[in-house]
Every structure is written in structure tokens, then in C-alpha cells.
Amino acid sequence: MVHHTIQNLIFDLGGVILDLHFDRTYAAFARAGNCSVDEIRAMMDKSPFFNDYEKGLLTDDEFRSAIRRVLKSKLSDEEIDAAWTAMLGEIPLNRLHLLKRLRSKFRVFLLSNTNGIHLPYLHKIVKTVSGEPGLGSFFEKDYYSHVLKMRKPDKEIYEHVLKQHQLIPEFTLFLDDNLSNLQGAAETGIKTFHVQHPDRMMALFHEP
């Protein structure tokens, strides 16, 4: 149950509104690089260029070149994009309907760590499911790390959203599936909710 003082909601995207399947991307890159899924997972955890890409510090082409370099592969742009977007699952229509209903009671925002290859694909998922042109249709404002050149869990990204809309932190609830992202928000005074499964987010707002 959302506390009665909450006036503003800031949603993460992946693992909250969007279903994520990292194993699909790990498997696709493992096949391309002729290595194990565990090796790919370790590489993605350790290689700084993934975070740099989400902060908009690399172009799409620079990211693709970095993938080719670490995989020692001559994958085409299309093959890399297919593997990279394989992690993006469904956005069930009931979650989008919930967002629209919440806007009658709260100011509703999106704050996502994402990147230049994923974002157009995400908008396509939304259009296919809902007929709306993209994610922005469901929020007062949608924010993306690679556009802002900032990334969760750094405090500056939360402070930016608060400042842009004159949001009072203690009247604001941030929902994310990642504990480090929640910690970053909490350090600014924002209230947090850990979405361990999207069903928990739906239940929080009394949705089936």
C-alpha cells in the first residue's frame, strides 16, 4: 500500500514494467563468440563500456565495435543488435493501463538506464502492445540515462529529475528492481520500493 503522503511516482523500466531476459542476450553473444554463457556474463559484469554506453559516452557504432573486440568476432551490426535486444521481453498491457490510471492520482515519471539501440526497440514494443507511439505516452516525462549522460545509481540523476519538476523527495516514491539503484535514490531522500517481481508492483497498487 502506497503511503498517503506520496504524490509522485518514479518508475524504473526493466524488471518493473518491462520483462527482462538477460539469459537470451548472454546465449546469443556466447554463440557468436564461441564461448560459454558464464564467460559472457563475467565479461558484461566487468567491462566498463556497458556502463559507458548507458551513460551516452559511446555511440551505437562504438558500442558495436567494443562488442566485436571483446568477442573477437566480425558480427554484423544487425547480428549485434539482435543479440543485444534479445533481453527485452514483453510489456503486458495491464501494466501500461495501470500507469495511465495512476496519472489521475499521482505525477508519474520514468527513469531508466538504457541505450541508443534499446530505446527505439522499446518504443516498438509499446506501439505493438498499446497502439501508443512510445513510452512517453504513459508518463508526465520519461528520462533515459544515455540521453541525460547520467546513470543510476549515481545521485545526480535522481537530483536532476527532482529539480526539473520541483518534486519533494519525501513525497516521492521510486520503484526499481535493483537494490543499488534504490540506495542511490534513498540517499537523496526519495522513498523507495523494491520490485522483486512485476507482480509486486501491481499488487502495491491493488491491481490483479
Side-chain angles (χ1 to χ4, degrees), residues 8-22 24-26 29 41 43-67 70 80-81 83-89 91 95-96 99 107-126 133-165 167 169 172-195 198 201:
N8 319 299
L9 302 172
I10 304 175
F11 285 89
D12 174 39
L13 181 60
V16 177
I17 298 164
L18 166 80
D19 292 335
L20 284 176
H21 304 284
F22 288 105
R24 295 177 184 175
T25 289
Y26 296 148
F29 281 143
R41 186 182 291 109
M43 179 269 291
M44 291 180 69
D45 287 343
K46 293 176 182 176
S47 298
F49 70 83
F50 290 100
N51 286 354
D52 288 346
Y53 185 42
E54 286 191 338
K55 289 184 79 169
L57 303 180
L58 298 178
T59 66
D60 295 345
D61 284 340
E62 287 170 337
F63 172 74
R64 294 181 183 112
S65 295
I67 290 290
V70 297
I80 290 171
D81 291 2
W84 185 233
T85 57
M87 70 176 74
L88 305 178
I91 300 179
R95 295 178 199 164
L96 296 177
L99 293 171
R107 299 182 71 185
V108 182
F109 303 89
L110 178 71
L111 181 58
S112 174
N113 284 349
T114 189
N115 56 79
I117 294 173
H118 277 176
L119 188 55
Y121 193 89
L122 291 164
H123 289 320
K124 286 180 183 178
I125 294 172
V126 170
L135 285 159
S137 301
F138 298 90
F139 302 93
E140 180 174 333
K141 178 69 176 174
D142 47 334
Y143 287 101
Y144 305 101
S145 59
H146 69 295
V147 176
L148 293 175
K149 303 292 193 289
M150 295 180 273
R151 183 181 181 275
K152 298 179 293 184
D154 297 339
K155 283 177 63 176
E156 63 178 350
I157 196 168
Y158 307 102
E159 291 169 345
H160 176 81
V161 175
L162 294 172
K163 182 178 180 181
Q164 289 298 304
H165 302 279
L167 306 181
T172 303
L173 180 67
F174 175 58
L175 301 94
D176 200 299
D177 64 326
N178 186 303
L179 286 173
S180 63
N181 292 343
L182 295 172
Q183 179 61 36
E187 288 174 5
T188 69
I190 295 173
K191 306 299 183 185
T192 63
F193 180 80
H194 186 204
V195 182
M201 183 266 292

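Residue numbers run from 1 in the order of the sequence given. For the numbers below, each heavy atom of this structure counts, side chains included, while hydrogens, waters and symmetry mates do not.
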**Q** At their closest point, which heavy atom of Ala83 faces which heavy atom of Phe29, and how far apart are they?
**A** CB-CE2, 3.5 Å
**Q** Might you work through the side chain to side chain contact (heavy atoms under 4.5 Å, CB included) test for Leu173 and Leu175, ending with a clear yes or no?
**A** CA-CA 7 Å; Leu173 180 67; Leu175 301 94; 4.3 Å; yes
**Q** I would like to know whether Asp52 and Lys55 meet salt bridge (charged side-chain N to carboxylate O under 4.0 Å, His left out); could you show each step before the answer?
**A** CA-CA 5 Å; Asp52 288 346; Lys55 289 184 79 169; over 6 Å; no
**Q** Quick one: sort the Tyr53 and Trp84 rings into parallel, tilted or perpendicular, breaks at 30° and 60°.
**A** tilted
**Q** Hey, is the main chain of Lys152 close enough, under 3.5 Å, to the side chain of Asn113 for a donor-acceptor pair?
**A** yes
**Q** Out of Ile67, Asp60, Thr59, Asp61, which one pairs with Phe63 under the side-chain contact (heavy atoms from CB on, under 4.5 Å) rule?
**A** Ile67
**Q** Do Phe193 and Phe174 make the cut of ring centroids closer than 6.0 angstrom?
**A** no
**Q** When the ring planes of His146 and Tyr144 are compared, do they come out parallel, tilted or perpendicular, using 30° and 60° as the limits?
**A** tilted
**Q** Within 45° of the six-membered ring axis of Tyr143 and under 6.0 Å from that ring's centre, is NZ or CZ of Lys141 located there?
**A** yes
**Q** Decide yes or no on side chain to side chain contact (heavy atoms under 4.5 Å, CB included) for Val126 and Lys124, but give the supporting numbers first.
**A** CA-CA 5 Å; Val126 170; Lys124 286 180 183 178; over 6 Å; no
**Q** Output yes when a side-chain donor or acceptor of Arg64 lies under 3.5 Å from a complementary backbone atom of Asp81, and no otherwise.
**A** no
**Q** Among Asp142, Val161, Asp12, whose side-chain contact (heavy atoms from CB on, under 4.5 Å) with Leu111 holds?
**A** Val161
**Q** Taking it one step at a time, do Asp19 and Ile91 satisfy side chain to side chain contact (heavy atoms under 4.5 Å, CB included)?
**A** CA-CA 6 Å; Asp19 292 335; Ile91 300 179; over 6 Å; no
**Q** Between Asp154 (side chain only) and Glu156 (backbone N and O only), is there a donor and an acceptor less than 3.5 Å apart?
**A** no
**Q** Quick one: does Thr188's side chain have a donor or acceptor within less than 3.5 Å of a partner on Ala185's backbone?
**A** yes
**Q** Whether the side chain of His194 engages the backbone of Asp176 through a donor-acceptor N/O pair (distance < 3.5 Å, no angle test) should be reported.
**A** no
**Q** If only atom types and distance count, is the side chain of Arg24 paired as donor or acceptor with the main-chain N or O of Met87 below 3.5 Å?
**A** no
**Q** Applying side chain to side chain donor-acceptor pair (under 3.5 Å), can you list everything that pairs with Glu187, at least two apart in sequence or on another chain?
**A** Gln183
**Q** Using a 3.5 Å distance criterion without hydrogens, assess whether the side chain of Ser145 forms a donor-acceptor pair with backbone atoms of Thr114.
**A** yes
